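For reference, the structure is listed below as structure tokens.
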Amino acid sequence: MGVVVGPRVIDAGMSLLSVLISPVPVAAGYPSPAQDYFDGRIDLNEHLIKDITSTYVVRVSGDSMEGAGISDGDELIVNRALEPKDGSVVIAVLDGELTIKRLRITATGVVLQAENPAYPDIRVPSVSDLVIWGVATRCLHHV
Amino acid sequence: MSKPATMRRMPQIAHVDVNCFYASAERAFDPSLEGRPVVVLSNNDGCAVTRSPEAKALGIPLGEPWFKLAPRAKEWGLVALSSNYELYGDISARVMELLGRYSAWLEVYSIDEAFLGVKGTPEELLALGRTMKTAVRRNVGVPVCVGIAGTKTLAKLANKWAKNNPAFAGVCHWDSVAAADRESLMRRLSVIEIWGVATRLTKRLNGLGIQSILDLSRADPVMIRDRFSVVMMRTVLELQGTPCIPMEEERIGRDQLIFSRSFATPITTAAGMRQVLSVYGQQASARLAKHGLQAKVLTAFAGTSHFNPKDTSYPSVCVPLPMPTADPVLLTGAAHALLPHINEGIRYARAGIMVTDLRPTGNQAPLALFENPHEERRVGALMEDVTRRYGRGSIGLGHAGIRGGPDWTMKRDMLSPRYTTHWDELPLVKAA
């Protein structure tokens with residue numbers, strides 16, 4: 001003869017809390033529908049970096065690009081594999097230093113512009129006279 | 001019945017390596033080093049292990065101790081840098097990943113060189129070599145040369161030629177070069193220049209009248225095998241164009257990992273050695289975990305300086321691990337088996353551990369009897385997490401300690417920023 005456990009009588013005097021913290025695991029009747037849709041969190045690498053072999057992160061030092069929304073201390077994502085075009089924000093090698101400028105390619109020549117009137121333009125006959133280190137694709141601006 | 005030659009073209013091997021790798025990696029982020037003599041120093045800023053062409057032109061020999069160079073550095077405009085392993089490791093990984101896109105068959109041979117299986121007409125192979133050269137330079141930022149030939153040995157030789165003769169513009173396809181030119185190159189170069197011929201063997205080769213690479217390529221392979229070894233015979237056959245050294249998918253990492261350093265200050269006590277071994281145990285654990293591997297055997301060793309013939313001591317122990325493991329606690333414990341063999345007062349200049357008999361971390365659970373309590377609690381993974389977040393040395397196991405820069409850690413006084421691996425050390429671009 002086994003022990004027969006009859007239906008439990010719920011004591012009306014039992015506190016609400018004691019009901020809530022059931023000592024035995026209770027299967028949830030309704031699984032979270034969100035689980036079926038969870039594919040992982042947003043991965044910035046995936047969205048901001050096209051090619052990891054050619055992408056570097058650099059830090060801006062100076063205020064000559066303020067007009068482009070690029071401030072002192074901001075980080076830039078730079079892709080070395082991109083072809084610099086008219087209007088690209090580029091990292092150029094000037095006097096042995098990595099320097100950030102706006103590249104302008106016009107019929108009359110090539111200009112490296114600052115985005116701040118306090119700094120003069122640099123003019124060269126053609127792009128081949130420049131060493132372009134990479135093209136900035138994003139600015140991680142500190143707000 | 002036989003197909004035309006173009007149809008049954010054999011696969012060839014491309015050997016790609018970075019020119020003056022360490023110096024080039026530094027220049028990629030500091031263009032002011034361009035055109036200046038640069039040397040990169042070995043561990044502890046000991047001697048010049050990489051020289052830029054300008055430094056070579058100054059007559060600085062490879063391996064020249066820094067203390068000899070330092071007094072003249074200013075006069076030469078010589079820039080010396082400590083080995084920035086974080087930077088070189090990342091640049092190397094980028095180069096290899098990029099090269100892997102050009103062939104399904106890539107063997108990473110060392111930090112700065114790789115073999116690739118390639119196929120095509122001579123024109124296609126040359127074009128591929130140039131494409132790879134341009135892509136690595138442009139994408140990653142370092143210069144490479146490419147040698148392409150029917151065997152690994154010839155591909156390496158072709159690469160050396162591409163580096164030394166500007167006419168190749170950095171890419172040499174061996175079979176496309178006139179036979180007479182290849183012969184004259186092989187006649188000019190001593191056997192010591194060939195990949196796989198150890199210095200100590202050149203004397204014996206010379207004794208047999210084999211002086212140049214051409215002599216060796218014309219030697220009888222059987223005679224070479226009998227007098228030397230199968231290894232040397234393979235070199236002869238490879239020079240003759242018969243591939244004998246197969247491509248290996250993963251050379252490093254499959255059978256062993258070594259953690260070994262020279263010390264800035266010699267270690268003279270077992271307590272000091274215990275600390276060193278603890279650090280290596282943890283590094284080995286982290287590396288194994290990263291590659292999804294477990295080790296079955298650990299070897300720990302130490303040694304006195306080669307420059308100090310007195311009081312030599314080279315203790316070493318080999319410890320079978322109780323189960324295949326990447327657990328830092330077990331690995332460190334095993335490494336400590338060396339300690340009873342350490343003689344107090346002896347000046348140990350280096351120590352290391354090697355883990356061997358590596359296997360992938362299986363999904364199969366070990367018998368409960370062999371279950372490892374630390375692995376269960378994810379001690380290794382936790383330590384890795386903390387290290388990643390707060391930096392190397394922020395968490396330590398027992399004797400490895402945490403801070404207080406132990407005096408044996410590597411000296412890197414002239415270290416450039418770790419541009420690509422540390423957020424606080426990103427390259428600065430001037431906005432002025």
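Just so we're on the same page: letters track the sequence lines, and every chain starts at 1. Being a predicted model, the structure only gives us computed values, none of them experimental. All values below were derived from every heavy atom in this structure, side-chain atoms included, with hydrogens, water molecules and symmetry-related copies excluded.
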For the residue pair A:Asp63 / A:Tyr119, report whether a side-chain donor-acceptor contact shorter than 3.5 Å exists. yes

Which atoms of A:Val93 come close to chain B, meaning under 4.5 Å heavy atom to heavy atom: side chain ones, backbone ones, both, or neither? side chain

Please determine, by modelled atom types, if B:Asn19 and B:Ser24 share a side-chain donor-acceptor pair under 3.5 angstrom. no

For a quick check under 3.5 Å, do A:Thr99 and A:Glu97 share a side-chain donor-acceptor pair by atom type? no

Of B:Ala135, B:Gly35, B:Ser32, the largest count of non-hydrogen pairs under 4.5 angstrom with chain A goes to B:Ser32

For residues A:Ser64 and A:Asn116, is any side-chain donor paired with an opposing acceptor at under 3.5 Å? no

With only heavy atoms counted, which part of A:Leu82 is less than 4.5 Å from chain B, the side chain, the backbone, both or neither? backbone

Side chain, backbone, both or neither: which part of B:Arg137 has an atom under 4.5 Å from a heavy atom of chain A? backbone

Atom group of A:Glu115 that falls short of 4.5 Å from chain B, counting heavy atoms: neither

Taking atom types as modelled, find out whether A:Asn79 and A:Thr137 have a side-chain donor-acceptor pair closer than 3.5 angstrom. no

Would you call the rings of B:Tyr22 and B:Tyr88 parallel, tilted or perpendicular, where under 30° means parallel and over 60° means perpendicular? parallel

Taking every non-hydrogen pair under 4.5 Å, which of A:Thr55, A:Val57, A:Val60 racks up the most with chain B? A:Val57

Counting only heavy atoms closer than 4.5 Å, note whether A:Ile52 contacts chain B via side chain, backbone, both or neither. both

Proximal component of B:Leu33, with respect to chain A [non-hydrogen, under 4.5 Å]: neither

